[in-house]
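Computed over heavy atoms, backbone and side chain alike; hydrogens, waters and symmetry mates excluded.
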Amino acid sequence: MIKLRGSHYQLYRRVPKRFASIESRKFVWISLKTDSKSIAQRKADGVWAEMIEAWEAKLAGDQADAMARFDAARELADVRGYRYLAAARVAQLPIDQIVDRAAAVGVVNKVPDQREMDALMGGVESEGMTISQALEDFWSLSETNLVGKSADQMRRWKNPRIKAVKNLIKIIDDKPIASITGDDMLEFRQWWSKRITSGEVTIESGNRDISHVSDILRTVNKLRRLGLDLPLNDLRFKKGDTGTRPPFPTEWITDKILADGALDGLNDQARAILLLMVNTGARPSEIAALTSDTIRLDDPHPHISIEAGVRQLKTPNARRIIPLTGVSLEAARAFPNGFDRYRKSSATLSATVNKYLKTNKLMPTDKHVLYSLRHSFEDRLLAAGVDERIRRDLMGHA
């Protein structure tokens, strides 16, 4: 809103919530330095953009200053011959070491020097560093890892770590790293476990994320000398931790799963996705992401095209074309525009189908899941003597 106040027009707007820590007012008046309303209207957006930029800079400066204060305290402790420790860690030291630290604090006019007190007794809080801030700090602490790398190599080195941190924040929020608990990390591991057992991802994918998160937090903790006891041990999955996924025997598929009425209790889209897996071996998430552009029924050889779009491809090799035959072709014809119900929630799809198959005794063992149909397709290719290169292309393997 623009309003004439005194001899000049002023801009009146609400302060964005993200600047509450540096701006106590909820609304601000900003002088546009003109008594012409038309000029004021032209200037308003630019003046507001400058105000936002100033707030952003101040907010960034506050965060940088906090880290600078911590670095200064750590360096001062080093100069005095001590390792910087957080106050809670200092309190756990033997009493004689605490007394030594206190005695080393300089005194001016009978008053302890506050900076030295902070440095030697742990008065500068490092606990405020959040997970996302730790990632930003990690880049500067890992510069030697980037020496000699091209821009593309740097991108490929950074992106998996960015993804891992985003996943962690999605599960436990962007909390201070000092507040991360053992339960938080177990919750992160359990999130990966569910995705692995549903067939959405592999054990290796989960272990890579866990390794990246652990490396980032350990590096920042060590090189910043935060002295935190981070719960990062024993999180990786071992082979067999989440159970194996054996293939369905071909006879089981034809006699049980494809028997008349066997899948009538499944909703139409879940049933069609299952049937599409039978003769394509595509991942459930890949089929769920199909659209009218990637289901090509009018081609002389009907097929589906697995490509990046709604979802990111698991690997570059996952981009492929798979012909449609038999029950899979019929299922695609029933849903030429794809599967909007599961397009963005393939984990829900797997849970729905797995529950149905188990409840209706359509699984040979407790180790079988929807994803087992992918392994069945691969086994049938092998049994039919299909060339290895073709098998790898159809499965999306390297």
Side-chain angles (χ1 to χ4, degrees), residues 1-76 113-115 118-119 123-143 146 150-152 154-155 157-159 161-179 216 220 224 226 308-312 344:
M1 180 178 70
I2 297 173
K3 187 174 182 181
L4 185 65
R5 299 185 78 196
S7 59
H8 292 94
Y9 278 93
Q10 294 195 18
L11 178 64
Y12 178 71
R13 286 194 180 176
R14 178 186 288 274
V15 178
K17 290 182 179 180
R18 68 180 184 278
F19 302 123
S21 62
I22 57 172
E23 178 57 67
S24 59
R25 297 169 293 175
K26 292 185 178 179
F27 296 89
V28 291
W29 286 96
I30 307 170
S31 175
L32 298 172
K33 298 179 182 179
T34 180
D35 58 4
S36 167
K37 187 172 183 179
S38 60
I39 293 176
Q41 288 173 332
R42 289 199 300 271
K43 293 177 65 176
D45 287 343
V47 170
W48 182 246
E50 290 176 0
M51 176 60 77
I52 293 291
E53 187 176 348
W55 276 326
E56 294 282 11
K58 184 180 289 187
L59 189 62
D62 283 352
Q63 293 171 351
D65 288 347
M67 183 53 68
R69 286 195 300 273
F70 179 76
D71 285 342
R74 179 173 55 79
E75 291 170 8
L76 182 54
D113 182 282
Q114 188 61 51
R115 287 191 305 165
D118 289 341
V124 178
E125 296 293 332
S126 62
E127 287 80 358
M129 179 187 286
T130 63
I131 296 170
S132 60
Q133 289 168 353
L135 177 62
E136 292 305 313
D137 199 34
F138 175 76
W139 302 137
S140 64
L141 296 173
S142 305
E143 290 178 346
L146 301 176
S150 67
D152 184 60
M154 289 174 64
R155 177 187 61 79
W157 186 82
K158 284 187 171 184
N159 281 353
R161 290 159 177 82
I162 294 172
K163 178 182 75 70
V165 167
K166 283 183 177 179
N167 284 335
L168 179 65
I169 290 174
K170 179 167 64 176
I171 302 304
I172 70 172
D173 296 329
D174 191 14
K175 58 168 50 181
I177 62 174
S179 300
I216 291 164
V220 172
R224 288 298 181 188
L226 305 183
V310 176
R311 63 185 292 277
Q312 185 178 27
K344 295 183 180 180

- Query: Atom CD1 of I169 and atom OG1 of T130: how far apart are they, to the nearest 0.5 Å?
  - Reply: 7.0 Å

- Task: Measure across I177 and A134 and return the closest heavy-atom pair with its distance rounded to 0.1 Å.
- Result: CG2-CB, 4.0 Å

- Query: So do V220 and Q133 actually touch side chain to side chain, heavy atoms under 4.5 Å?
  - Reply: no

- Note on the structure: With sequence neighbours left out, the residues meeting side chain to side chain donor-acceptor pair (under 3.5 Å) with S7 are none

- Note on the structure: Between the NZ atom in K158 and the OG atom in S142, the distance rounded to the nearest 0.5 Å is 9.5 Å

- Looking at residues at least two apart in the chain, or sitting in another chain, which of them share a salt bridge (Lys or Arg N to Asp or Glu O under 4.0 Å) with R13? D45

- Item | Residue pair L11 / A44: nearest heavy atoms and the distance that separates them | CD2-O, 3.7 Å

- side chain to side chain contact (heavy atoms under 4.5 Å, CB included) partners of Q41, counting only residues at least two apart: I2, K37

- Task: Using the side chain to side chain contact (heavy atoms under 4.5 Å, CB included) rule, take R161 and W139 through it: C-alpha gap first, then chi angles, then the decisive distance, then the call.
- Result: CA-CA 10 Å; R161 290 159 177 82; W139 302 137; 4.0 Å; yes

- Partners passing side chain to side chain contact (heavy atoms under 4.5 Å, CB included) against D35 (at least two apart in sequence or in another chain): none

- Query: Looking only at heavy atoms, which two atoms of R14 and W48 are closest? And how far apart?
  - Reply: O-CH2, 3.6 Å

- Item | Pair S38, S36: side-chain N/O donor-acceptor within cut-off below 3.5 Å | yes

- Which atom names give the shortest non-hydrogen contact between W29 and Q10, and what distance separates them? CB-OE1, 3.2 Å

- Task: Starting at CG of L32, measure out to NZ of K3 and round the result to the nearest 0.5 Å.
- Result: 14.0 Å

- Item | For R42, all residues meeting side chain to side chain donor-acceptor pair (under 3.5 Å), sequence neighbours excluded | none

- Item | Residues in side chain to side chain contact (heavy atoms under 4.5 Å, CB included) contact with N159, at least two apart in sequence or another chain | R155, I162

- Scan for salt bridge (charged side-chain N to carboxylate O under 4.0 Å, His left out) pairs involving residues 166-178, sequence neighbours excluded, and state none if there are none. K175-D184

- Item | Minimal non-hydrogen separation, M129 against D137, with atom names | CE-OD2, 3.8 Å

